[in-house]
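Following: one structure in structure tokens, then a few remarks.
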Amino acid sequence: MDAEAARRYGFATKAGSTPLRIARTEGVWLYTDDGQQILDASGGAIVMNIGHGRREVAEAYAREAERAAYVLPPFATESRVRLVDRLIGSWLPRGLTRIAFTSGGSESVDAALRVARAHFFAKGETKRWKVIGRDLSYHGTTLATLAVGGHEKRRAAFEPWLADLPKAPACYCFRCPLGKTYPSCAVACADEVEAAILRAGPETVAAVIAEPIGGSTAGALVPPDEYWPKLAAICKRHGVLLIADEVMTGFGRTGKRMAVDHFGITPDMLIGGKGLTGGYAPMGGIFASEAVVAPIAERGQEVMFFTYSAHPASCAAADKVLEILEREHLVERAALMGERLGKRLARLLEHPNVGDVRGRGLLWAVELVADKATKTPFPIAAGLTAKVVAAGIANGIFVYPGGVDPARDVITLGPPFTISESEIELIGERLERAIVSAVARVA
Ligand code: PLP
């Protein structure tokens with residue numbers, strides 16, 4: 001396919017970027033229509049938890065589409081009832097029993113922000129509307145979700161439309177924004193969230209939103225163990241709701257059912273997306289405590305649904321995907337294979353331009369730098385990350401580009417949990433070749 005045709009079909013928007021047409025997908029592999037086999041080391045956008053080509057999910061989806069193609073979102077269907085029971089019984093932190101579904105991650109975060117505001121509005125605390133986010137974060141691409149997020153590149157063109165909401169520094173230990181070092185820092189970045197609440201005026205703050213483990217913005221930022229318990233205590237102290245955005249980390253990706261399970265806390269709201277259906281249907285979810293929803297319900301108020309919220313076939317796909325994760329013990333496998341992937345990626349640190357390798361479970365990132373001693377990034381004009389992705393495809397591997405200054409060049413990895421040891425070895429080999437070749441092109 002020529003570049004013009006690729007642009008027409010929306011496969012590539014940037015001039016000169018590689019058109020890629022996928023004929024079919026299977027396991028951890030993508031097959032292009034010109035016969036190339038590409039290892040999907042990032043499961044698309046860190047989505048494919050159970051891998052590609054699961055016929056039983058497709059069958060569950062088709063059966064439900066035949067039985068109940070569409071119903072108004074407040075109505076229940078059999079597939080939705082099954083999914084809600086499974087989520088409450090086996091997946092969500094205890095106490096998160098109020099569930100709504102959407103068509104994806106951004107819609108879910110957007111709805112959670114509205115639920116947080118509606119909660120205080122219903123309680124008569126009408127001044128509470130601000131939501132504190134963090135730098136180097138991503139919560140979606142609608143205007144509200146961009147506003148609470150800290151992804152400068154994705155926000156840039158839309159700044160005039162974005163509400164000016166307070167931000168706290170990220171847990172980015174590789175280049176600590178506070179110039180501190182763990183553990184002597186005593187997790188001062190959590191104190192900064194409290195400082196932001198105090199500056200904004202606690203009586204005006206509705207919620208704090210954060211990813212328990214960062215996604216691809218700065219690359220798999222794993223906070224110190226004390227961070228989330230501290231954050232939960234701060235929110236409680238100021239009567240602020242804590243929202244954990246687990247669109248990328250939820251449903252086993254980090255080696256536990258939810259990433260907050262690593263830290264032993266239950267947020268007031270948790271948001272899921274990607275892994276909920278493992279890529280088989282567009283769907284997201286908002287999981288809230290009774291206490292969050294009660295004031296809204298008592299007042300007889302509602303939070304408006306999206307037309308495709310709780311779509312029956314999507315519910316059926318999600319239920320089947322979660323059943324497969326349970327039946328095949330894939331969350332445990334994500335933890336095990338994640339350790340192996342981490343060890344293999346750590347070998348890349350021998351390369352002079354691999355500055356950091358970080359992650360947990362099967363969510364990993366490799367940060368590239370021009371100078372390891374000073375952690376100086378490559379110039380923006382070098383476009384190193386894009387070159388690594390292109391070189392990766394040429395070498396038979398797809399890796400997800402990320403990175404926002406100062407974490408400029410970041411590759412995020414998130415393969416299906418079914419990945420084998422030999423495929424992990426291939427990720428290491430092929431990614432290394434892609435990095436070597438991209439750096440050579442920049443030099
Ligand atoms: N929140 C987080 C943490 C994400 O990683 C993403 C997507 O990467 C989103 C929200 C937005 O989800 P979606 O792209 O499904 O709208």
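For ligands, and for the atoms within them, numbers begin at 1 and follow the listed sequence.
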For this session: Check step by step if side-chain contact (heavy atoms from CB on, under 4.5 Å) holds for Leu368 and Thr385.
Result: CA-CA 8 Å; Leu368 303 168; Thr385 300; 5.6 Å; no

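Taking 4.0 Å as the cut-off between side-chain N and carboxylate O, Glu367 and Arg175 count as a salt-bridged pair.
Not one N or O on the side chain of Arg344 forms a donor-acceptor pair closer than 3.5 Å with the backbone of Leu426.
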Which donor-acceptor pairs under 3.5 Å do the side chains of residues 305-314 make with protein atoms, sequence neighbours left out?
unit_1, atom_1, unit_2, atom_2, d
Ser309, OG, Phe101, O, 3.1
Ser309, OG, Phe306, N, 2.9
Ser309, OG, Phe306, O, 3.0
His311, ND1, Ala313, N, 3.4
His311, NE2, Ala69, O, 3.3

Please tabulate, for side-chain N and O atoms in residues 268-286, each donor-acceptor pair with protein atoms closer than 3.5 Å (sequence neighbours left out).
unit_1, atom_1, unit_2, atom_2, d
Asp268, OD2, Leu242, N, 2.8
Lys274, NZ, Ala45, O, 2.9
Thr277, OG1, Ala281, O, 2.5
Tyr280, OH, Gly51, O, 2.7
Tyr280, OH, Gly53, N, 3.1
Tyr280, OH, Arg54, N, 2.9

Validation: residues 390-402 side-chain donor-acceptor distances under 3.5 Å, sequence neighbours left out:
unit_1, atom_1, unit_2, atom_2, d
Asn395, OD1, Arg433, NH1, 3.3
Asn395, ND2, Ala391, O, 2.9

Which N or O atoms of ligand 1 sit under 3.5 Å from a protein N or O, and how far apart is each pair?
unit_1, atom_1, unit_2, atom_2, d
ligand 1, 1 (N), Asp245, OD1, 3.3
ligand 1, 1 (N), Asp245, OD2, 2.7
ligand 1, 8 (O), Lys274, NZ, 3.0
ligand 1, 12 (O), Ser106, N, 3.4
ligand 1, 15 (O), Gly105, N, 2.9
ligand 1, 16 (O), Ser106, N, 2.7
ligand 1, 16 (O), Ser106, OG, 2.5

